[in-house]
Every structure is written in structure tokens, then in C-alpha cells.
Amino acid sequence: MTEEALGGANAAAKPLQKPRRSASAEMIIPVAGIVFTIYYFSTVWEAPWTAQVSSFFVGCILILCSVAVIVRLALAARRGTMTLDLETLIAPRNFIVKRLALLALTIGYIFVIRWFGFTLTTFIFLMLAMLVLNEGRHPKLIVALSTVLALGGWLLFVVAFEVRFPAGLFETLMRGIL
Amino acid sequence: MEFDPRIFIELFAETIQYWWVIVPSIVLGLVVGAIPGFSAANTIIMLLPLAIVLPIDVGFVAMIAIYCSSRMGAGIPAILVNIPGTAGAAATPLDGYPMTQQGRGQQALAISFTSSVLGGLITTVVALIAMPWLAEVAFYLHSVEMIVVMLFGISLIATIATGDTLKGLTAGFFGLMIGAIGADVVYEMPRGSMGFLELYDGIPLIPALVGLFAISEAFIVIDRDTILTERGRAAVLHSTGWAPTIEGVRETLKRWWHVVWTSIIGLFIGIIPGAGAAIASFVAYQQSKTYSKTPELYGTGHIEGLIAPEAANNGVTSGTLVPLLILGIPGGATAAIMLVVLQYHNVTMGTDLFVNNPKLAYLPFTAMAVTYFLMIFTIPLLARYMSHVTVVRTVYMAPVVIAFTLVGAFVSRDYIFDMYLALAFGVIGYIARRTGYHVAAILIGVILGPLLETYFIRALKMSQGDISVLFSSTLGNILWVCLFLNLAIPIWFERRNGRRKVRSA
């Protein structure tokens with residue numbers, strides 16, 4: 001690892017920007033809990049009583065807790081002590097694009113791996129993700145790191161541990177050579 | 001089946017001669033333990049052809065060494081990057097990761113390794129001596145008693161949620177509800193699976209673990225230069241030599257009693273078939289916090305909060321072998337695979353094994369003792385050099401964490417679907433972390449939800465729907481009282497301390 005990769009003794013850490021607490025962001029988990037519980041109940045409605053009792057017990061407690069959290073958050077928002085935006089989730093704002101790009105790359109990685117295989121997909125994912133997060137700086141280092149890590153992963157997971165990933169161009173080629 | 005110390009000493013001396021199998025197995029175990037998704041069970045399955053071809057004693061020793069060392073290896077990513085290598089290490093980051101952020105990663109690793117080794121050694125000796133009596137524990141624990149054991153684990157949710165009880169409970173019960181997805185064990189009726197056939201067997205644990213801890217963490221840390229706080233970064237950059245490792249070992253040895261009793265919790269839970277290291281580590285953490293004089297320090301990088309889960313999950317390793325050897329009932333997945341190998345070699349479990357082949361019967365325990373003994377020598381090197389991972393910049397670390405932990409999500413069932421599932425859990429984990437819901441509480445729910453439901457349905461089925469069955473056994477009722485006291489005592493302590501503070505003010 002180079003000093004750049006290790007962060008370097010002189011590289012200053014970026015200051016943390018403390019996000020404001022937002023009621024609407026904190027409502028996502030309890031709302032998701034309520035919605036999922038109602039859906040879950042609909043799938044056990046026809047089940048025998050002994051199979052229903054555990055999920056109804058857990059589900060009802062979840063709904064009660066979630067409603068209590070939502071009411072508390074709504075009251076806090078009404079008092080003005082919390083906001084009604086999604087700032088808690090997206091702060092710091094200058095990282096929104098990077099986070100969304102990383103999410104898109106991750107979805108792309110999982111989507112493409114069945115055709116390109118583990119090694120090639122991992123190399124492309126690591127290279128693109130590192131370039132995006134590092135704002136295009138140190139491309140040579142990133143390409144070298146991505147190559148080493150993808151090949152290391154191939155040796156460890158595919159060759160040594162025989163993980164049954166869909167084979168791509170690289171794996172097929174190497175199987176022919178080896 | 002009486003314990004004969006001469007056989008043990010003789011066997012210990014003999015087992016050391018297997019060092020050539022044990023050392024590479026330790027290295028392999030540490031590697032697979034440290035990669036999320038690669039459990040000891042998976043590795044032994046991959047090495048099954050080798051374990052079958054090798055002489056029974058050599059194969060058995062190799063399996064035991066992988067099993068023990070993978071437990072220790074699972075703590076490494078849990079402490080350094082907040083990603084437990086296995087579910088058994090899911091309680092480790094609660095205090096291990098804050099220590100790393102404070103720049104005490106090397107010390108935390110030394111504490112984790114020392115507690116693992118000591119916990120493993122202590123419980124191996126206890127299991128060896130008390131094996132005939134311990135084996136009976138598995139006989140007495142039925143569905144009703146298991147429900148209470150599960151509730152002990154779930155009560156950790158309340159412990160974690162001390163900052164905001166309502167949010168903690170919401171997260172925990174959300175996890176329990178997610179854990180209830182899939183077909184139930186009795187009626188085989190799919191519930192809440194949203195039409196995905198891949199969820200018929202329920203939520204696979206590894207994608208949930210990977211998503212909640214690893215993926216969400218990777219998306220969160222990218223706005224920092226490294227995972228360390230500024231103070232932590234300065235501490236790491238100015239720390240030199242072996243001092244933090246020595247300090248970590250010293251701090252653990254100072255708390256030897258804590259290691260002893262939390263590892264014994266692991267041993268007892270390990271004996272119960274199906275309970276496993278995840279429950280043991282959460283129960284041990286919860287008990288450690290409940291009876292601590294400084295419970296408010298838990299979750300902030302407290303040494304005892306790291307010792308408890310690490311000692312307990314290594315205690316489980318010895319525990320799972322007790323019912324395997326005496327009753328032929330494996331205490332966990334790895335023990336079940338060992339049973340397959342032993343049966344292939346026509347080894348019959350039970351009292352006969354101890355009478356007819358005592359050396360083979362005691363071999364797993366001596367192999368464990370030797371493995372833990374040899375692992376002592378790995379502590380300084382691993383603690384000192386692994387801790388440097390924390391200064392790697394997040395722009396490089398985050399993509400690596402995402403790519404390689406998604407591999408772990410895939411490995412458990414070979415489904416691409418599980419990688420998407422890990423990403424979905426990553427999104428849930430990201431939202432939860434950012435909005436103050438503890439991901440460990442969600443994970444406890446996901447782990448314990450299906451187990452609790454299984455025992456609940458079985459108990460009700462046997463009693464033909466009579467809910468009073470939950471209070472029908474003497475042992476169960478004793479456990480209910482223990483659970484009640486366990487929840488009430490901390491509240492009583494808190495109120496007493498509050499009154500004292502008021503008086504002293």
C-alpha cells in the first residue's frame with residue numbers, strides 16, 4: 001500500500017458535518033414496519049391459529065411501538081424541535097451524488113456478474129467505484145489496486161474456495177489455460 | 001464414562017504431534033472466519049472429501065482446528081470495520097468498533113483474541129470434566145424452555161435500546177417480523193415472502209448480516225477520510241510497537257473472572273441444539289451489561305463489552321461437541337458436519353464411544369485445547385498488523401467491502417438473489433443507522449424470530465393450542481423467574497443508584 005492508499009500521516013481528515021434530526025426520515029422505519037406487518041397479516045389470515053399467534057403477537061407489538069414513535073416524532077415536528085425534510089439521510093449534501101453513484105454501481109455489479117463473471121465484474125466495479133469516490137484522482141493507483149484485488153479475489157474465492165459464481169470470460173479463459 | 005486425567009494428559013501430548021495439521025487449519029480458519037459468509041461449516045463442507053479420505057483422527061483434528069480458529073477470525077472484521085465475519089460475532093462490534101474508531105483497534109484485537117483463546121481453553125477443560133452432566137442439559141430443554149432462552153436473547157434489544165427504548169423496541173420487533181418471513185416449520189405455509197421463491201425457507205442470515213452491517217457501513221463511511229475519528233486517527237498514527245497489544249492482553253487477564261463466566265454462558269448455550277453462537281454472544285453481552293457496575297459505558301468501547309461476546313462465542317465451540325459425542329445430537333451446523341464424517345468412518349456416538357474408544361472420544365477436546373494453545377502465538381502478530389487496516393482511506397475501503405461481502409452473501413446458497421437481498425438490507429441498515437435505530441437490534445430479531453416462532457408453534461401444537469403450556473414445566477418456570485429477575489434487576493439497580501445520587505446531592 002502506498003502512503004496515499006493508507007491515508008498518509010499528513011492527509012487531513014474531512015470534518016464531519018452533523019446532520020439535523022428530521023422527523024420524516026426517522027418515520028421511515030416505523031412506517032415500513034407497519035406496512036410490512038399489515039401485508040404479513042394478510043398472508044397468515046388463512047393459517048391455523050397456532051401458526052398465527054406468534055406473528056400476531058410480534059406484529060401487534062411492532063405496530064404499537066411504531067405508532068408511538070410516529071406520534072412522538074409528529075409532536076416534535078409540530079413543536080418545531082425536528083424538521084420535516086430528509087436531511088438526516090442525505091447529509092452531507094456534497095456526498096449525495098457519490099452515494100447514489102455507488103448504489104447504482106453496486107446494483108450494476110450484481111446485475112452484470114452473471115454474464116461477466118466474478119473477476120472481470122469485480123475489477124470494473126472496484127475501478128469505477130474508487131474513481132467516482134476519489135473524484136478521478138490517482139487513476140494508475142486505482143487501476144493497479146483493482147487489478148490486484150480482483151485477481152486476489154479470483155484466487156481466493158474461485159480457485160481456492162471454489163465458489164460457484166457464474167463463469168465469465170476471464171474464468172473460462174483461465175480454466176482453459178490451467 | 002468417568003473423566004480420567006491420565007488419558008487427557010496422554011492425549012494432549014499425542015495431539016500436539018498433529019501440529020502439522022493444526023497450524024495450516026488455524027490459518028485457514030482465521031481467513032474464512034474473517035470473510036463474512038464463509039463459516040467454518042462451509043469450509044469443512046468444501047474440505048469434506050479430504051476429511052473423509054484422511055485417517056479419522058487427522059480429519060477430526062483438522063475440522064476442530066478450523067472450527068475454533070474461525071470463531072476467533074470472525075472477530076477481526078467485526079472490530080476493525082464493523083462487519084462481523086459470522087453471526088456469532090454480531091455482538092462483537094457493539095464495543096469493539098467504537099474502540100477502533102478511538103484508535104484502540106490493536107488493543108481491541110488483543111482483547112478479542114485473548115478472551116477467545118482463554119474462553120475456548122476454559123470451556124474445553126470444563127466440558128471435558130463435566131461432560132456426563134452437561135450432556136443431560138440437552139435432554140431437559142424442550143420447546144417451552146427454549147422459548148425462555150430465546151427471550152433471554154431478545155431481552156438484549158431492551159439493553160441496546162437504553163438510549164431510546166421505543167426506537168430500540170421498534171427496531172427489534174421489525175427484525176422479528178422480518179425473521180418470520182418464509183414457510184413455518186410445522187404447516188409449511190409461506191408467509192410474507194412477497195412472491196419470492198428464494199424466501200420460502202426464510203430470510204438467509206448471511207445476506208442480512210452483510211447488508212445490515214457491511215453494506216450500510218460502507219455507504220456511511222464514505223463521507224469520512226478514514227473510519228477513525230480524528231482523535232482515533234492521531235492515536236493510531238502515534239502508537240508504536242507492541243504496547244497496545246500488551247495492554248490489551250493485560251486488561252483481559254485482569255478481568256479473568258469476566259472471561260470465565262461469560263464463556264461458561266457460551267458453553268451452556270452451545271450444548272442446546274440449534275441455539276448457536278449468535279444467541280450465546282448476545283446473551284453474554286446482555287448479562288455482562290446487566291451485572292456491570294458501569295453499564296452506561298457499554299456501547300462506547302468498553303473492554304468488558306468486548307470480552308463477553310468473544311469469550312461466549314468460543315465457549316459455544318466446546319458446548320456444541322458435548323451432545324454430539326454423548327447423545328449423537330449435533331449442537332450446531334459444524335458439529336452436524338462432523339457427525340457426518342464420523343458416521344462415514346462407522347464411529348458410533350454415545351457412551352459406547354467412551355468405553356470402546358476413549359482416545360477418539362476425548363480427541364476433539366484435546367485438539368481444541370492444543371488449537372487454542374497454539375493460537376496464543378498468533379495474538380501479538382495479528383493484533384499489531386491487522387489493526388493497520390483502519391487507516392486505509394474509505395474511498396478505497398468502501399468498494400472493496402461492498403464487493404467482497406456481496407461474495408459472502410452469494411456463497412451461503414449460491415443465489416444471485418441473495419446479493420440483491422444483502423443490498424436491500426444495506427439500505428435498511430443505512431436508514432436505520434442514520435435515523436438512530438440500532439442495526440444490532442434488527443439483526444437479533446432476524447436471528448431469533450424464526451427460532452422463537454418454531455418453538456412457540458411446537459409448544460402450542462403439543463398442547464393443542466393451550467397457551468398455559470408456556471408455564472407447565474418446572475425448569476421452564478424457573479427460567480421464567482430468572483428472565484423476570486434479569487429484566488427487573490437492572491431497573492432496580494438504576495432506581496437505587498438514582499436515589500443514592502439524589503441523597504448525596
Side-chain angles (χ1 to χ4, degrees), chain A residues 1 5-7 9 11 13-14 16 25-26 28-30 32-33 36-37 39-40 43-44 47-51 53-55 58-59 61-62 65-66 68-69 72 88-89 92 95 98-99 102-103 106-107 109-110 113-114 118 122 125-126 129-130 133-134 145 149 153 157 161-165, chain B residues 38 43 46 166-167 169-171 173-174 176-178 180 184 186-187 189-193 215 219 222-226 228 230 233 237 388 391-396 398-400 402-404 406-407 410-411 414 416 419-420 423 431-432 434-437 449 452-453 456-457 460-461 465 467:
Chain A
M1 288 275 176
L6 294 171
K14 285 176 188 170
L16 282 174
E26 291 189 24
I28 294 174
I29 294 283
F36 179 70
T37 305
Y39 160 69
Y40 191 94
T43 64
V44 293
W49 179 75
T50 43
V53 66
S54 173
S55 46
V58 172
I61 296 179
L62 175 58
C65 291
S66 301
V69 171
R72 195 178 68 178
T88 312
L89 281 182
F95 277 86
K98 283 185 182 178
R99 278 211 174 89
L102 188 61
L103 181 65
T106 309
I107 295 169
Y109 175 64
I110 304 170
I113 203 165
R114 68 180 79 223
F118 169 77
T122 304
F125 169 76
L126 290 177
M130 286 178 188
L133 295 179
N134 215 13
L145 264 178
L149 287 165
F157 299 124
F161 292 157
E162 294 178 354
V163 174
R164 280 170 288 181
F165 269 121
Chain B
F38 282 79
T43 315
M46 283 186 277
L166 203 52
K167 281 171 100 173
L169 289 174
T170 306
F173 278 88
F174 185 46
L176 281 167
M177 212 63 216
I178 294 172
D184 69 83
V186 176
Y187 301 99
M189 205 179 131
R191 294 100 24 100
S193 54
I215 310 279
F219 276 89
I222 58 169
D223 59 20
R224 299 178 220 156
D225 194 42
T226 66
L228 300 164
E230 292 222 30
R233 188 184 167 81
L237 293 172
H388 288 293
V391 291
V392 174
R393 290 187 61 202
T394 55
V395 290
Y396 303 111
V400 177
I402 292 171
F404 288 166
L406 282 176
V407 176
F410 174 85
V411 165
D414 291 346
I416 296 278
M419 296 169 89
Y420 284 113
L423 185 60
I431 296 168
R434 276 300 177 101
T435 53
Y437 298 87
L452 179 72
E453 193 195 25
F456 207 80
I457 292 178
L460 287 177
K461 185 95 175 142
I467 206 147

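Computed from a predicted model, the values in this text were never measured in an experiment. Numbered from 1 within each chain, the chains take letters A, B, ... in sequence-line order.
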Asker: Please look at A:Ile113 and chain B and tell me whether the side chain, the backbone, both or neither of the residue comes under 4.5 angstrom of a heavy atom of that chain.
Answerer: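 The side chain, not the backbone.
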Asker: Between B:Thr170 and A:Ser66, which heavy-atom pair has the shortest distance, and what is it?
Answerer: CG2-OG, 3.7 Å
Asker: Non-hydrogen atoms of chain B under 4.5 Å away: do they reach the side chain of A:Phe165, the backbone, both or neither?
Answerer: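 A:Phe165 touches chain B through backbone and side-chain heavy atoms alike.
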Asker: Given side chains that start at C-beta, do those of B:Leu423 and B:Met419 come closer than 4.5 Å, heavy atoms only?
Answerer: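 The answer is no, as the side chains (C-beta and beyond) never meet within the 4.5 Å cut-off.
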Asker: Backbone N or O of B:Gly192 within a donor-acceptor pair of the A:Thr43 side chain at under 3.5 Å?
Answerer: yes
Asker: Non-hydrogen atoms of chain B under 4.5 Å away: do they reach the side chain of A:Ile28, the backbone, both or neither?
Answerer: side chain
Asker: Return yes if some donor-acceptor pair links the side-chain N/O of A:Tyr40 with the main-chain N/O of B:Ala180 below 3.5 Å, else return no.
Answerer: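 Side chain of A:Tyr40 to backbone of B:Ala180, a donor-acceptor pair under 3.5 Å: yes, one is there.
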Asker: Considering only heavy atoms, which portion of B:Tyr437 lies under 4.5 Å from any heavy atom of chain A: side chain, backbone, both, or neither?
Answerer: side chain
Asker: Which bit of B:Met177 is near chain A, if near means a heavy-atom gap under 4.5 Å: side chain, backbone, both or neither?
Answerer: both
Asker: Among the options B:Ile416, B:Thr394, B:Ile215, pick out the one with the most heavy-atom pairs lying under 4.5 Å from chain A.
Answerer: B:Ile416
Asker: Identify which of A:Arg72, A:Arg114, A:Glu26 forms the greatest number of heavy-atom pairs closer than 4.5 Å to chain B.
Answerer: A:Glu26
Asker: With a 4.5 angstrom heavy-atom cut-off, which part of B:Phe410 approaches chain A: side chain, backbone, both or neither?
Answerer: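 The side chain, not the backbone.
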Asker: Need one label for B:Ile222: side chain, backbone, both or neither, based on atoms under 4.5 Å from any heavy atom in chain A.
Answerer: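 Contact with chain A: backbone and side chain both.
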Asker: Do A:Thr37 and A:Val58 make a side-chain contact, defined as non-hydrogen atoms from C-beta onward lying under 4.5 Å apart?
Answerer: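 A side-chain contact under 4.5 Å is absent here.
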Asker: Which region of B:Leu176, side chain (C-beta onward) or backbone (N, CA, C, O), has a non-hydrogen atom less than 4.5 Å from a non-hydrogen atom of chain A, or is it both or neither?
Answerer: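 For B:Leu176, backbone and side chain are both near chain A.
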Asker: Let's test your reading of the structure: which of A:Gly59, A:Cys65, A:Gly33 forms the most heavy-atom pairs below 4.5 Å with chain B?
Answerer: A:Cys65
Asker: Between A:Phe157 and B:Phe404, is the gap from one ring center to the other below 6.0 Å?
Answerer: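 Centroid distance A:Phe157-B:Phe404: below 6.0 Å, so yes.
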Asker: Can you tell whether the side chains of B:Asp223 and A:Arg99 come within less than 4.0 Å, N to carboxylate O?
Answerer: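 Yes.
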Asker: Give the minimum heavy-atom separation between A:Met130 and A:Leu149, together with the two atoms involved.
Answerer: CE-CD1, 4.1 Å
Asker: Can you tell if the side chain of B:Ile402 reaches within under 4.5 Å of the side chain of A:Phe125, non-hydrogen atoms only?
Answerer: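 A side-chain contact exists here, since the closest heavy-atom pair is under 4.5 Å.
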Asker: Side chain, backbone, both or neither: which part of B:Phe219 has a heavy atom under 4.5 Å from chain A?
Answerer: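 Both backbone and side chain.
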Asker: Picking from A:Leu126, A:Thr122, A:Leu102, which has the most non-hydrogen pairs under 4.5 angstrom with chain B?
Answerer: A:Leu102
